[in-house]
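What follows is a single structure, written as structure tokens, with notes after it.
Just so it is clear, the structure is predicted and the values come from calculations on it, not from any experiment. Every heavy atom of this structure was used, including side-chain atoms; hydrogens, water molecules and symmetry mates were not.
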Amino acid sequence: MNAQSDKTAGDSVDYDVMIVGGGMVGSMLAAALAAGSSLKVAVLEHQEPEPFVPGTQPPYDVRVSALSIATQRMLENVGAWQGILDRRACPFRQMRVWDGEADGSTHFKAGDIGAPELGHIVENRVLQLALLDNIKSAPTVDYLCPASLVDYRVSDGKVVCELSGERASVSTRLLVGADGARSTVRELAGIEIERSSYPHHALVATVETELAQQDITWQRFQPTGPEAMLPLCGHRASLVWYHDEEHVRHLGSLSDEDFIEALQSSFPVELGGIKQVLERGSFPIVKAHALHYVAERVALVGDAAHTVHPLAGQGVNLGMLDAAALAQVILEGRAGEQDPGQRRLLRRYERWRRGENAMMISILDGFYHAFKPQPQGVRSLRSAALNVADRAGLLKSMVMRYAMGTAGDLPTLARQLQ
């Protein structure tokens, strides 16, 4: 049946898995389950993204993600990658990282490890739409939009869900929270979360540049926070500038002319000048990690389970790995005729992903603290470490493979093309 369901109040529908949140991570989970089984799946989403017709070139969205090779493999395996390429994606093959207070720098190149690229910069909306194309055509998936979860209760081995408006009364054997950092599922399940705010906000902007973009991402670490430029297609780039809330608010209030002047004083001359600002916005930066990823017949994925500092662009990639890991656990259980909401299965997913995510949260937090204002001796050591990393072939390759998502305990969906 078509995934855009029109079920009304009074209907009673039983699902194997119901995913609250049809964003990037929730849609990936649905696509992975649909590709690997006949499980009956529902996806609840409160608002569908604006369409992006393949072959057209609408204005760039301000929110973009750096998709790792592991995420690309997942998308290829569920049949959604071509939908991204048909819309818009920009590959990058190099990364340059340098210390804004000293001369330390590292330059990563895909060719150094025999890879065609390090990843792709993709608008979040493009990624979500490509996955929606996939799940809407899946006969085992119901896409319920607009719909949201109001409450649930566990009864007789099922989760009975109350939905908003005139939507159906539904039950499911497993309820998945893919509903973001302010997860309703997490709150209703009573899962506690450790949360702390960084003293920084992020200002993001899409700009038009005088030169066509190169296949390289630039990131400079300043005491006030990182500054990054990500390539988009043609004469477009995405800028991310981390600073304290007051300064970000000040930058956001500048005229386009003054804002461009501020930008050009911060980014490398190799990038050329900025012709105009197309869009800008800002958001606070929060670190959060759920104490548990599972409860009775409930699992969390993506931002519902964790949020990380965005300086390395790993947030969406971690969420995609959550989705692939949970799908693998469910599908392997299905092969053994196990209930997808069985606690033993869910605990396997939690053990797998919580430790991996905790490590990445710590690594990114360590980067943040290392580049805060430091005494001269610490700055010298920090800069020397970047230079050593640039020359240390084996170490550099390991860092690159981890950033590409091709190292670590990866789900099958992310390891190889199926």
Pairing of Lys158 and Asp14 as salt bridge, 4.0 angstrom limit: yes
Distance-only polar pair, side chains of Asp244 and Tyr198, donor-acceptor under 3.5 Å: no
Rounded distance [0.5 Å steps], NE2 in His289 versus OG1 in Thr307: 9.5 Å
Residues Arg348 and Glu332 bridged, charged N to O under 4.0 Å: yes
Arg280 bridged to Asp256 by N-O distance under 4.0 Å: yes
Salt-bridge present (Asp179, Arg186; N to O < 4.0 Å): no
Criterion side-chain contact (heavy atoms from CB on, under 4.5 Å) against Ile216, the qualifying member of Met95, His107, Arg93: His107
Parallel, tilted or perpendicular: ring planes of His200 versus His309, cut at 30 and 60 degrees: perpendicular
Side-chain donor-acceptor pair present, Ser148, Ser164, cut-off under 3.5 Å: yes
Modelled atom types, side-chain donor and acceptor of Asp322 and Tyr293, under 3.5 Å: no
Enclosure of Arg351 CZ (heavy-atom neighbours >12, cutoff 6.0 Å): yes
Distance, nearest 0.5 Å, that separates CD of Glu279 from CD of Gln276: 12.5 Å
Donor-acceptor side-chain pairing of Arg297 and Gln342 below 3.5 angstrom: no
Asp133 and Arg87: CA distance, side-chain angles, deciding distance, salt bridge (Lys or Arg N to Asp or Glu O under 4.0 Å) verdict: CA-CA 12 Å; Asp133 288 348; Arg87 290 178 170 91; 2.8 Å; yes
Rounded distance (nearest 0.5 Å) linking atom CG of Leu132 with atom CD of Glu48: 6.0 Å
Gln128 and Asn124 side chains, donor-acceptor separation under 3.5 Å: no
With His306 via ring pair (Phe, Tyr, Trp, His ring centres under 6.0 Å) - residues at least two apart: none
Pair Asp61 + Arg125: basic N to acidic O under 4.0 Å: yes
Modelled atom types, side-chain donor and acceptor of Gln213 and Thr209, under 3.5 Å: yes
Arg88 to Tyr60 six-membered ring, cation-pi geometry met (6.0 Å, 45°): yes
